[in-house]
Undergrad: 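Have a look at this one.
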Amino acid sequence: MNADGRTRLNQTPEWTALAKHREELADTHLRELFAADPGRGEGYTLQVGDLYLDYSKHLVTDETLRLLRELAAATDVFGLRDAMFRGEKINVTENRAVLHTALRAPRDAVIEVDGENVVPKVHAVLDRMSDFADRVRSGAWTGHTGKRIKSVVNVGIGGSDLGPAMAYEVLRSFTDRALTVRFVSNVDGADLHEATRDLDPAETLFIIASKTFTTIETITNATSARTWLVEALGDESAVAKHFVALSTNAGKVAEFGIDTANMFEFWDWVGGRYSYDSAIGLSLMIAIGPDRFREMLDGFRLVDDHFRTAPAEANAPLLLGLLGIWYGNFHDAQSHAVLPYSHYLSKFTAYLQQLDMESNGKSVQRDGRPVEWQTGPVVWGTPGTNGQHAYYQLIHQGTKLIPADFIGFAEPVGELNDQLKAQHDLLMANFFAQTQALAFGKTAEEVRAEGVPEELVPHKTFQGNRPTTTILAKELTPSVLGQLIALYEHKVFVQGAVWHIDSFDQWGVELGKVLAKRVEPALTEGAEVEGLDASTRRLVAKYRELRGR
Ligand code: F6P
């Protein structure tokens, strides 16, 4: 039993039934499952908004899905879901509500935190953002010298960077191409240097994005950006027209020297990695315009509503979460690949890494006891077809089981000429070929029938049985992006709920931050730092020697 009276997850009858079922299915091949059910390719699909989900190429039967849903019921996934949507403080270690869903709630919705309806606040900030974005886009907001803003630099890290940076890439063809939009996150000075070296300070707006406004990387880069600007324009007061802040911490924003009139607020019930549809999305909104941004929010909301209301059998985030549990907990899969077949989704998987790994990279349950089961997977991947010529070999023929999501679109987006548009069929031919090859492979008999010499037959045989989800939509629009992100947000939620972990804290990033602060004086001043281990002490000395200190 756990402290809260729950039977330990891996001792529940639902878990045990899944483990037994896994053994029974051990020798079953997807080839057999498809042969036994000609309707599988149509039956094992879901349509959610614009997203068509095909889960037929998974190592599951109706029975597997039923048992997985029973696990979800036993762990009260929908109970926790409802508590989240109601604004209950389900982030137990920080005693906070988890309400990124309120960021895309309609104006007339009522969602209360501590007795206060937060929806009017959300829309007030969205309206201020829209007004500001319009003024920057139209040229009504000018810099200190009266010049129009032509470049926007978002300075932030983690959730204050990955979301807008990813979405800006995804929606590039919807952006105002006259604006240069860049993202600086790394405390490596090279990042800010490369982002600003060709910009005119008089035409540059810095957006300092930090929920806490204490993150060392962001504050350091913001300070350097301010120096760059003030030195060029020769006037400290220029900051007012060239710096705005996105934060929950008005005190720290003012302390940094940004007028809080130029601050766009969000709240502690928005987790950093769930924040890009809050004020954190301002750079994106400036790039694509408020209307497109709101279309994106509508996409998020569509999947929120689906997750909240769809029955378990047809609930896409529940299904995707449970499939991940099936592989991670019952097939020993350690990682999960996300493989978008769209160049515009080049930063999508990097974004999901924070969403998934910072949320579910936990080994302690909500009640403080250690988990006795695997939790979040390593999430990785890059856009196809590039990956096909790099690491797909391991997915096809390696010794590890790597479930993968393939995300593709029927239409190419945007401004491509006819010749480039025509390449889209080739891109998608690769997409469909890969999921087919992964699922069905190529038997030794098929290889032999091609006249391959016997000694090469084992090398050219593909075992298949590699599971994939296909997510297909007509076109990559702002709404579709919102739908995709909400789908993954809720998938991560489902898994955290089943594993009985707090998906909304991130204590694991703290120790490194504390140690970095402690080590820095050793590097700069050669200070004697207490508690340095022998390896780190030697490395610090070597570093100083190499720097000639
Ligand atoms: O890396 C830890 C973290 O706290 C993330 O969760 C967060 O998104 C990031 O740092 C940035 O934090 P902030 O927005 O407060 O600067």
Side-chain angles (χ1 to χ4, degrees), residues 90-100 103 125 129 153-168 183-188 191-192 206-226 243-258 260 263-284 347-362 376 378-379 485 488-489 492-493 496 501-517:
I90 63 162
N91 175 357
V92 285
T93 72
E94 296 181 307
N95 192 31
R96 286 178 181 168
V98 174
L99 270 182
H100 41 281
L103 298 170
V125 173
M129 288 167 66
V153 181
N154 186 83
V155 179
I157 197 163
S160 298
D161 165 71
L162 288 163
M166 173 275 294
Y168 173 71
F183 296 84
V184 172
S185 52
N186 198 331
V187 76
D188 183 340
D191 199 0
L192 184 65
F206 287 98
I207 298 181
I208 312 303
S210 176
K211 180 176 168 180
T212 54
F213 233 75
T214 57
T215 304
I216 189 84
E217 291 94 329
T218 300
I219 301 306
T220 304
N221 276 326
T223 305
S224 298
R226 188 174 55 191
F243 277 74
V244 298
L246 321 174
S247 189
T248 59
N249 192 342
K252 287 281 175 195
V253 168
E255 208 176 285
F256 179 83
I258 297 178
T260 47
M263 167 179 154
F264 298 86
E265 191 191 5
F266 61 114
W267 308 273
D268 72 359
W269 40 262
V270 182
R273 53 193 172 274
Y274 299 87
S275 68
Y276 100 77
D277 43 8
S278 71
I280 290 296
L282 183 65
S283 52
L284 174 69
K347 293 188 173 170
F348 187 74
T349 310
Y351 171 80
L352 290 187
Q353 284 180 325
Q354 189 200 18
L355 175 66
D356 199 324
M357 294 164 78
E358 199 168 77
S359 295
N360 285 344
K362 311 281 165 66
V378 176
V379 177
I485 299 294
Y488 279 97
E489 284 178 350
V492 167
F493 174 91
I501 54 178
D502 186 338
S503 298
F504 302 101
D505 61 16
Q506 57 284 318
W507 300 108
V509 297
E510 294 306 318
L511 180 60
K513 289 187 194 173
V514 173
L515 293 183
K517 269 195 195 140

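Numbering of ligands and ligand atoms starts at 1, following listing order.
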Undergrad: What is the distance from atom OG1 of T93 to atom CG of N91, rounded to the nearest 0.5 Å?
TA: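 That separation rounds to 5.0 Å.
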Undergrad: Verify, without hydrogens or angle tests, whether T215 (side chain) and E217 (backbone) share a donor-acceptor contact under 3.5 angstrom.
TA: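 Absent.
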Undergrad: Do you know which two heavy atoms are closest between G159 and I280, and how far apart they sit?
TA: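 In this case the closest contact between G159 and I280 is O-CG2, 3.6 Å.
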Undergrad: Specify the protein heavy atom at minimum distance from atom 13 (P) of ligand 1: its residue, its atom name, and the distance to 0.1 Å.
TA: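 Here the nearest protein heavy atom works out to T215 OG1, 3.3 Å.
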Undergrad: For the pair D502 (side chain) and V92 (backbone), establish whether a donor and an acceptor sit closer than 3.5 Å, ignoring hydrogens and angles.
TA: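 Answer holds: yes.
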Undergrad: Would T218 count as being in polar contact with ligand 1, using the rule that some N or O on each side must be under 3.5 angstrom apart?
TA: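 Among all N and O atoms of T218, none is under 3.5 Å from an N or O of ligand 1.
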Undergrad: Among K362, Q354, R273, which residue meets the side-chain hydrogen bond (donor to acceptor under 3.5 Å, both in side chains) test with Q506?
TA: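 So, applying the side-chain hydrogen bond (donor to acceptor under 3.5 Å, both in side chains) to Q506 and each of K362, Q354, R273, only R273 qualifies.
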Undergrad: For atom 11 (C) of ligand 1, which of the options V509, I219, I157 provides the nearest non-hydrogen atom?
TA: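 Minimum heavy-atom distance to atom 11 (C) of ligand 1 goes to I157.
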Undergrad: What protein heavy atom sits nearest atom 4 (O) of ligand 1, and how far off is it?
TA: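 Heavy-atom neighbour on the protein nearest atom 4 (O) of ligand 1: K513 NZ, 4.0 Å.
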Undergrad: Any heavy atom of Q354 sitting closer than 4.0 Å to ligand 1?
TA: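 Yes, Q354 has heavy atoms under 4.0 Å from ligand 1.
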Undergrad: I'd like to know if the side chain of T248 and the backbone of K211 have a donor-acceptor N/O pair within less than 3.5 Å.
TA: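 Yes: the side chain of T248 pairs with the backbone of K211.
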Undergrad: For atom 1 (O) of ligand 1, state which one of E217, R273, E358, Q506 supplies the nearest heavy atom.
TA: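 Answer by nearest heavy atom: E358.
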Undergrad: Run Y274 and F493 through ring pair (Phe, Tyr, Trp, His ring centres under 6.0 Å) and show every step you take.
TA: CA-CA 11 Å; Y274 299 87; F493 174 91; 9.4 Å; no
Undergrad: Among all protein non-hydrogen atoms, which one is nearest to atom 15 (O) of ligand 1, and what is the separation to 0.1 Å?
TA: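 That would be T212 OG1, 2.6 Å.
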Undergrad: Closer than 4.0 Å to some heavy atom of S160 - which atoms of ligand 1 meet that?
TA: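 Listed by number with element, the hits are 13 (P), 14 (O).
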Undergrad: Using distance alone, determine whether G159 and ligand 1 share an N or O pair under 3.5 Å.
TA: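 N/O-N/O distance under 3.5 Å: yes.
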